[in-house]
Amino acid sequence: MEKTFQPAAIETHWYEQWERQGYFAPQGGDNAYCIMIPPPNVTGSLHMGHGFQQTIMDALIRYHRMAGHNTLWQVGTDHAGIATQMVVERKLDAEGVSRQELGREAFIEKVWEWKAESGGTITRQLRRLGASPDWSRERFTMDPGLSHAVQEVFIELYREGLIYRGQRLVNWDPALHTAISDLEVVSEEEKGSLWHFRYPLAGSEGHLVVATTRPETMLGDSAVAVHPEDERYQHLIGRFIELPLTGREIPIIADDYVDRDFGTGCVKITPAHDFNDYDMGKRHGLPMINILTDDATLNDEVPEAYRGMERFDARSKVVADLDALGLLDRVEDHTLKVPRGDRSGVVIEPYLTRQWYVDARAMAKPAIAAVETGSIEFVPRQWENTYFAWMRDIQDWCISRQLWWGHRIPAWYDESGNIYVGASEAAVRQEHGLDSELALRQDDDVLDTWFSSALWTFSTLGWPEDTEELRAFHPTSVLVTGFDIIFFWVARMIMMTLHFRKEVPFHKVYVHGLVRDAEGQKMSKSKGNVLDPIDLIDGIDLEDLVAKRTSGMMQPKLAQRVEKATRKQFPEGIAAYGTDALRFTFYSLASTGRDIKFDIGRIEGYRNFCNKIWNAARYVLMNCEGEDCGTGDEDDVELGLADRWIISQLQSTEAEVARTIASYRFDLASQALYEFIWNQYCDWYLELSKPALQDEAASPQARRGTRRTLIRVMETWLRLLHPFMPFITEEIWQNVAPLAGKRADTIMLQPYPVADDKAVDNAANADIEWLKGVIVGIRTIRGEMNIPPARTLTVYLRNGDNKDQQRLGENATFLKKLARLEAIEWLEPGAEAPAAATALVGALEVLVPMAGLIDKKAELDRLAREVQKVENDLKRVEGKLNNPAFIDRAPAEVVAKEREKLQSLQQALTKLHEQQETIRRL
RNA sequence: AGGACUAUAGCUCAGUUGGUUAGAGCGCUACCUUGACAUGGUAGAGGUCCCCAGUUCGAAUCUGGGUAGUCCUACCA
């Protein structure tokens, strides 16, 4: 084995091996465990959020697979309607071709080509992370099977009246020319103006002042509203306004939606271009005057001078024209929430169109109940509130999109506008007995991407057929997802699945946090702070990183800033840390639901951990290869204290890992593994094994016992660690396992270690604690007194009891080696001791003679610090015990514990004082 | 406006049902190339647990109020 761990050398090799051998496919009995991957965009590429999420799912999958479950990780990708269509359109644009020129058929052909070309990227990257889904079952939301499920669901919901077509105000994206759902609109505060206009009263002098942030919409006003109880305007209710620029007269109406205290208390009402106005328009039977085209330019409903104008140009012109008429009262600065499309970034228009909707209110009821009754549980729990809040006030879901890429809506229209919904034109004709002469036209729209995603848990398993997989794996075990798609995806999956399967899609929803950069900023291309998980695995030099981060940036200034920040943060580029280190970093950061700041320092630490593991393996192999390791259970072996101790600690670690995985605390699981492997196995057990193996006097049984423990414990913790660090554990296991009498083609399918209570050895734990106490005591004196490590010492033990004496007898070899001692002398009570620095282990005093070694002042300083510490503790304990209320009311065992503490502190203090005296007298 | 979350060492974070000497990693300081590992070893320094009040024998932990920050939902023209 190499001296340092080289991840690149082993990762692809093992991954290819695993996949080729079919290890990822379900195998096992009735005990099913299943996770559905949140399907990434088929043409997308891996970001840190994916990395985090896949890594968590893979640990769960590998864990359950090893634990003997029939484990399926269903993988697949999403067609991502808008996102994918936009990418392809942009590509075509660059070639000087428009989608419209190409035509629908040819365009869709192009998208499939693009999918074929770039669709492998994300799945290749998933493989680099070591993810172990069953690739043989990979699905795509536009596969024939899944498309069939989509159609089936649409038709059925239509028949049940849960899907309907309606004309109403939608969020219209004028750049993409499609309706989008409420969820796809992001509103952010932007600076704007509040214009105040004078609207002249019809048939008399005077005017009302109305305020608006969108002057151009006044061309579509159909009323002015005031509050019904507003005394200022009582006399005007029912009268008319002469709407400027248009020559139309509009009524003054009363509606308690109006806030009397805002502005003048008069509101212009534009029912066709504002959601609130729309509702009011319906209440009052106002005309809905649509003044826009699909592009958000002004249409023929407006006076000629404005027709064909772009909406923001029209805004300026309306303001200027009103000003010229003396009707502009004033303009105020105003910050307002501007709704923008999450994909296009342009301002969204409320726009009157005909669209398809899902009656979400009806479907939400059972979905709410499923969470209320605990059939589905969110982890962490608090996300259930978010879910409830949204579900209880859910709006109907607009599912039609004016796009070409997606599942086309299975609805046909005849010339009189009748709607026929069915699987195909032929099916529709047959069902409705339509004459072949009658012209039918299929709906041009496609379904919202999330419509097909909502069926994911059952459509991927073969629904609507009644498949074996459905029976075996549905409902699935857990959904691992980000909070950002609870509404988009999780809620809709629950609704659809309950409706069509009469069962929940999953029992648990594990909601993880967002991966942010080291400063806590969201990672985004435009901020230039994106980290690519693959770069963390393979490394990237600075120039490439800068180029990558600034590529495609339109603003040179921004690119400059990004470059500067990147050069500052990564002056050496990014080192190749390997997949295992990256994965372990994700686990260590995955505490309950909170966002994580990705700190490069962490991954470096875990790279070092990999190296530690690697070298521990080298040590074990060095000592065990070609040696008698007592692999047979019948072999004659003798387990020493250290062996019994590490075996005992291993059990505790196994129990802790099982417990923490069950509660999705991957941070705690990773910490327990790190602690055990580094601080116990490497730092203490390997060190203790050295004297054991080198001791010429030791029996063959004892040495065999040490070798067996070295190899068996390592073999076990490699399996324990495998779900978290799949590659390094496989590589080492292949070398180590045969020495433990195990041989297999992969660690992946080996049983997961389970804690054995019988192997917990509290006596051994206590003995090792004692041993560590003595060694650390001596090392501390060495450290603080600057005694060179090479210098061997003689120490004296005083005031010990029989137990101490016995422990000394059994562990003298360990003490000598680990504390670098020449000799250890046991002093009988009262015996004279040389002047020495002292460490306390319980009541036992460990004396390091000072002659020629120890600086008097340094030792006095050290003792003073010790005394200070003990006195502080003593004060606290005495305070408690002197409080009668504490004695009275605290539980007896707590009081007893404090009393014990008091006693040992007092004892320690006495000894420290004596020691101070002795030193002072020197 | 409503709601959720967060505040603990220089930094990133743990801290189960109230009882610890408040922990880890990174960073920092000193010493050390000892036959697995300098991507290492040994030792050490470093904390007003955001603030105020309350409950309690006892609060980082529970309650109320405040401050600061993050996010979600809704939205006033």
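Treat the numbers as computed from the prediction; the structure is a model and nothing was measured. The chains referred to below are lettered A, B, ... by the order of the sequence lines, with proteins before strands, and numbering in each begins at 1. Only heavy atoms go into these numbers, but all of them, side chains included; no hydrogens, no water, no symmetry mates.
As judged by a 4.0 angstrom heavy-atom cut-off over every strand, A/Cys682 is placed among the base-contacting residues. Residue contacts shown for A/Asp259 include a base, since a base heavy atom lies under 4.0 Å away. In this structure, A/His196 reaches neither bases nor backbone, as no heavy-atom distance under 4.0 Å exists between it and the strands shown. A/Lys337 comes within contact range of at least one nucleobase, with a heavy-atom separation under 4.0 Å.
In the interface, the side chain of A/Glu784 is not paired with the base of B/A45 through any donor and acceptor atom under 3.5 Å apart. A donor-acceptor contact under 3.5 Å links the side chain of A/Lys612 to the base of B/C37.
A tilted orientation is assigned to the rings of A/Tyr387 and A/Phe378, their planes being inclined by 30° to 60°.
Residues A/Tyr199 and A/Asp221 have side chains that bring a donor and an acceptor to within less than 3.5 angstrom of each other.
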Protein-nucleic acid N or O pairs under 3.5 Å, nucleotides 3-6 of chain B:
none

Provide a list of protein-nucleic acid N or O atom pairs under 3.5 angstrom, restricted to nucleotides 18-23 of chain B.
unit_1	atom_1	unit_2	atom_2	d
B/U20	OP1	A/Lys880	NZ	3.4
B/U21	OP1	A/Lys901	NZ	3.1
B/U21	OP2	A/Lys901	NZ	2.9

Task: Nucleotide pairing, RNA chain B (Watson-Crick or G-U, distances under 3.5 Å), in dot-bracket with [ ] and | - done: (((((((..((((.....[...)))).(((((.......))))).....(((((..]....))))))))))))....
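Set against B/A77, B/U70, B/C37, the side chain of A/Arg516 has B/U70 as its closest nucleotide.
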